[in-house]
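The next block holds one structure in the form of structure tokens; read it before the comments.
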Amino acid sequence: MDTENFFEKLFINSELADDICRDLNISRKEYSEYAKQLDNERKSEIEIIRRVRSLYHNKKELEGFSFQNFNSFYKWYRTQYQIQEGKCYYCKTEERVIAILFEKKFKNRKRTTRGRHLEIERRDSTDNRYNEENCVLACYFCNNDKSDIFEEREYLEYLKDRKGFLTSQFEKLNGNK
């Protein structure tokens, strides 16, 4: 039995049990045994897939979202996560540090589904595209801070000297520079 194929069909492609059984020529009992085994052996990976699937479903209906399906989105996410080494694109804080911070700093506050993991961030929010070229992974803090106000270049400049950047922007808007 090709467990990788089974894993992908079940957890990444979300195929129906009957379809998986038919495609892999296995019984429902075998299906249940394989699923239970994978649930135990690859628990953390399955949790990540479920979290990324939630991100996908939250974004897929937005205008400008151009990932073909969950599988392509998930592959992009995994690749981007590796490229960024599990760190925020902007502030370079590791996701595990952010998760611990949220657990300890916000333990008595209303629970939120956001914050503990890197989020999908559009580098340039003015063209409103969610695609491989325009998206990166950012921490909750940078994602909210950058918002739809700054483009990537502006936000990176802002991070270097926040007060100086805002003063410069103010002066440009008021015709002082």
Side-chain angles (χ1 to χ4, degrees), residues 1-21 23-24 26 28 30-62 64-107 109-125 129-147 152 155:
M1 164 56 170
D2 180 1
T3 55
E4 275 311 303
N5 191 15
F6 181 85
F7 182 85
E8 187 168 321
K9 286 177 172 293
L10 179 60
F11 294 104
I12 296 175
N13 298 342
S14 294
E15 293 180 26
L16 298 174
D18 289 340
D19 294 340
I20 294 172
C21 290
D23 289 350
L24 300 178
I26 59 174
R28 282 301 284 249
E30 290 171 305
Y31 169 91
S32 295
E33 290 169 0
Y34 292 135
K36 186 176 182 178
Q37 178 184 345
L38 288 171
D39 245 351
N40 291 328
E41 292 173 0
R42 296 171 78 172
K43 186 178 184 78
S44 62
E45 186 178 359
I46 293 167
E47 287 175 9
I48 292 168
I49 291 169
R50 288 182 175 141
R51 183 172 42 78
V52 174
R53 187 177 304 284
S54 178
L55 287 173
Y56 173 77
H57 285 294
N58 288 339
K59 302 287 185 192
K60 76 177 187 175
E61 300 301 323
L62 296 175
F65 189 86
S66 62
F67 291 93
Q68 292 177 335
N69 52 35
F70 174 73
N71 203 331
S72 67
F73 181 77
Y74 180 67
K75 285 178 182 173
W76 168 83
Y77 184 95
R78 281 190 0 217
T79 301
Q80 193 64 36
Y81 194 90
Q82 288 174 341
I83 289 168
Q84 293 180 214
E85 300 174 337
K87 299 175 184 173
C88 174
Y89 180 79
Y90 297 106
C91 70
K92 309 299 184 220
T93 304
E94 293 179 33
E95 182 180 57
R96 67 174 189 79
V97 170
I98 294 163
I100 292 168
L101 175 63
F102 258 79
E103 285 303 313
K104 296 188 182 231
K105 186 81 173 166
F106 302 114
K107 65 182 173 190
R109 298 201 179 130
K110 181 182 169 190
R111 291 283 179 187
T112 177
T113 56
R114 290 184 59 204
R116 289 168 185 76
H117 302 284
L118 297 176
E119 302 178 348
I120 307 304
E121 163 60 20
R122 290 170 295 151
R123 294 159 58 161
D124 178 4
S125 58
R129 293 175 308 138
Y130 283 92
N131 60 30
E132 292 183 26
E133 296 81 33
N134 196 38
C135 289
V136 293
L137 301 173
C139 73
Y140 171 85
F141 304 103
C142 287
N143 193 15
N144 283 329
D145 194 32
K146 179 183 170 289
S147 192
E152 174 188 23
Y155 189 66

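A quick note: this is a predicted structure, and the numbers were derived from the prediction, not measured. In this chain, residues are counted from 1 in sequence order.
- Within the 4.5 Å cutoff, no side-chain heavy atoms of R53 are placed close to those of R50.
- Considering only heavy atoms from C-beta on, L118 stays 4.5 Å or farther from Y89 through its side chain.
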Exercise. Stepwise, does the side chain to side chain contact (heavy atoms under 4.5 Å, CB included) test hold for C139 with I98?
Worked result: CA-CA 7 Å; C139 73; I98 294 163; 3.1 Å; yes
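- Within 6.0 Å of CD on E133 lie more than 12 heavy atoms contributed by other residues, nucleotides or ligands.
- Between atom OH of residue Y155 and atom OG of residue S147 there is a gap of 10.0 Å, rounded to the nearest 0.5 Å.
- Checking side-chain atoms of N144 against main-chain N and O of Y140 turns up a donor-acceptor pair under 3.5 Å.
- When side chains are defined from C-beta on, I120 counts as touching F73, because their heavy atoms get closer than 4.5 Å.
- Residues passing the side-chain hydrogen bond (donor to acceptor under 3.5 Å, both in side chains) test with N40: none are found, sequence neighbours excluded.
- For D23, the side chain to side chain contact (heavy atoms under 4.5 Å, CB included) partners at least two apart in sequence or on another chain are K9, E15.
- A donor-acceptor distance shorter than 3.5 angstrom exists from the side chain of K146 to the backbone of R122, with no hydrogens or angles considered.
- Using a 4.5 Å heavy-atom threshold, the side chains of N13 and N71 count as touching.
- Between K59 atom NZ and E119 atom CD the span is 7.5 Å, to the nearest 0.5 Å.
- With sequence neighbours left out, S32 forms a side chain to side chain contact (heavy atoms under 4.5 Å, CB included) with no residue at all.
- Taking the side chain to side chain contact (heavy atoms under 4.5 Å, CB included) definition, one finds that C21 meets it with I26, R28, Y31, sequence neighbours left out.
- Between atom CD of residue E41 and atom CD1 of residue I46 there is a gap of 9.5 Å, rounded to the nearest 0.5 Å.
- Between V136 and E152, the closest side-chain pair of non-hydrogen atoms is not below 4.5 Å.
- With rounding to the nearest 0.5 angstrom, the CD atom of E95 is 13.5 Å from the CD atom of E85.
- Going from atom OG1 of T3 over to atom CD of Q37 covers 7.5 Å, rounded to the nearest 0.5 Å.
- Within the 4.5 Å cutoff, side-chain heavy atoms of E132 are placed close to those of F67.
- We find that E4 and R42 are joined by a salt bridge, their nearest charged nitrogen and carboxylate oxygen being less than 4.0 Å apart.
- When the salt bridge (Lys or Arg N to Asp or Glu O under 4.0 Å) test is applied to D19, the partners found at least two apart in sequence or on another chain are R22.
- A distance of 4.5 Å separates CD1 in I12 from CD1 in I49, rounded to the nearest 0.5 Å.
- F70 meets the ring-ring contact (aromatic ring centres under 6.0 Å, His included) test with Y56, Y74; sequence neighbours excluded.
- Using the six-membered ring where Trp is involved, Y81 and Y77 have ring planes that are parallel, under 30° apart on the 30 and 60° scheme.
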